[in-house]
Amino acid sequence: MTSSNRLPETKSAPSTVWPTIEKPASPDAVIIIFGAAVRPDGTPSGTLRHRVDAAGRFAARCARPMFIPTGAKGRHGDAEATVMARQLIDAGFPAETIHEEKTGTDTVSSVRAAARLVRGKSPVYACTSAYHLPRCLVLLRLAGVRARGCPPPPVPAATSHWLRWYWRLREAPALAYDVPVMLLLRATGGV
């Protein structure tokens, strides 16, 4: 082949540069916040506000927290989960770190729903009032979630000494009822 019959050199095709899509970093703490009442004006009750505040204080120590506020719509206002999400956003936490769970109407249904959301994630923390925390942790473990407790709100759930004992004592029959329910759900694949 003479130089005039030679095929022209082709430049190599430019390599396609695909944008790097970074997988979002997994959370370093998954915090399940158990609901409480919403007031008639749609604002959180004192107990609900204190639980969210405690979750926020705990999350401030984490680099990438993820929140799962639980609680359906009660008698007043929005769902408890929505009210808690609003409080977290107002406290400066990004909306994308909050995954509302709006089906939980009681502790057992909240645990069941949250357990589905946190499968494969760890570490998981439960955030609620001090009197309620032991029951939540037992139910989460029965649902297959190895959760730990967040430091509970530093204020008691009630100002009256008698009311505080009422809330503590009511947990005993609630636990006696909820544990067999959760064991049955676990045995039948309901968790």
Side-chain angles (χ1 to χ4, degrees), residues 19-141 143-158 167:
T20 305
I21 300 173
E22 291 187 29
K23 182 180 174 188
S26 58
D28 60 346
V30 178
I31 304 166
I32 302 169
I33 312 169
F34 287 87
V38 174
R39 292 186 175 146
D41 65 358
T43 60
S45 63
T47 299
L48 187 60
R49 189 170 29 80
H50 293 310
R51 289 178 182 182
V52 175
D53 287 345
R57 275 192 301 281
F58 181 77
R61 303 185 305 195
C62 306
R64 296 173 313 283
M66 177 176 125
F67 298 95
I68 301 177
T70 67
K73 181 173 174 30
R75 290 188 312 227
H76 309 292
D78 291 326
E80 295 166 8
T82 301
V83 173
M84 289 189 276
R86 226 177 290 140
Q87 186 178 339
L88 288 165
I89 290 167
D90 290 347
F93 292 100
E96 57 272 7
T97 65
I98 304 164
H99 303 276
E100 296 177 41
E101 193 301 296
K102 299 181 190 179
T103 65
T105 56
D106 59 16
T107 304
V108 169
S109 61
S110 291
V111 165
R112 287 179 69 198
R116 288 185 203 108
L117 294 172
V118 301
R119 285 240 195 281
K121 294 179 176 61
S122 73
V124 177
Y125 297 89
C127 191
T128 187
S129 302
Y131 71 86
H132 191 225
L133 188 57
R135 179 163 54 120
C136 292
L137 291 173
V138 166
L139 295 176
L140 282 164
R141 287 184 185 238
V145 178
R146 296 188 54 79
R148 296 179 248 175
C150 274
V155 294
W167 287 111

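This chain uses plain numbering: 1 for the first residue, then up along the sequence.
Across Pro152 and Ala54, no two heavy atoms sit closer than the pair C-CB, 4.1 Å. Heavy atoms only, all atoms of each residue included: Ile31 and Ala59 are closest at CD1-CB, 3.7 Å. Smallest separation of non-hydrogen atoms from Ala126 and Phe34: CB-CE1, 4.0 Å. In plain terms, the two heavy atoms of Pro153 and His50 that are nearest each other are CG-O, 3.5 Å. The shortest non-hydrogen separation linking Pro44 to Gln87 is CG-OE1, 3.9 Å. Contact between Pro65 and Thr97 at its shortest, heavy atoms only, is O-CB, 3.5 Å.
For the pair Thr70 (side chain) and Glu101 (backbone), a donor-acceptor distance under 3.5 Å is absent. Checked by atom type and distance alone, the side chain of Arg64 never pairs as donor or acceptor with a backbone atom of Ala29 at under 3.5 Å. At least one donor-acceptor pair closer than 3.5 Å links the side chain of Asp28 to the backbone N or O of Ala63.
Between Pro134 and Leu137, the closest side-chain pair of non-hydrogen atoms is not below 4.5 Å. Residues Pro69 and Ile98 form a side-chain contact, since some pair of their non-hydrogen atoms from C-beta on lies under 4.5 Å apart. Between Tyr125 and Cys127, every side-chain heavy-atom pair lies at or beyond the 4.5 Å cut-off. Using a 4.5 Å heavy-atom cutoff, the side chains of Phe67 and Val30 are not in contact. By the 4.5 Å heavy-atom criterion applied to side chains, Lys121 and Met66 are counted as neighbours. You'll find the side chain of Asp53 reaches within 4.5 Å of the side chain of Arg57, heavy atoms only. Put simply, the side chain of Leu140 reaches to within 4.5 Å of the side chain of Ile32, judged on heavy atoms.
Distance CD1/Ile33 to CG/Leu88: 4.5 Å, rounded to 0.5 Å. To the nearest 0.5 Å, the span separating CG on Leu117 from NE2 on His99 amounts to 8.5 Å. Here SG of Cys136 is found 13.0 Å from CZ of Arg141. Values are rounded to the nearest 0.5 Å. The line from NE2 of His76 to OG1 of Thr43 is 10.5 Å long, rounded to the nearest 0.5 Å.
Using a 4.0 Å cut-off between charged nitrogen and carboxylate oxygen, Lys102 and Asp78 do not count as a salt-bridge pair.
No hydrogens or angles considered: a donor-acceptor pair under 3.5 Å links the side chains of Arg51 and Ser129. A donor and an acceptor atom, one from each side chain of Thr82 and Glu80, are nowhere located under 3.5 Å apart.
The local environment of CZ in Arg119 is crowded, with over 12 non-hydrogen atoms from other residues, nucleotides or ligands closer than 6.0 Å. No more than 12 heavy atoms of other residues, nucleotides or ligands shown are found within 6.0 angstrom of CZ on Arg146.
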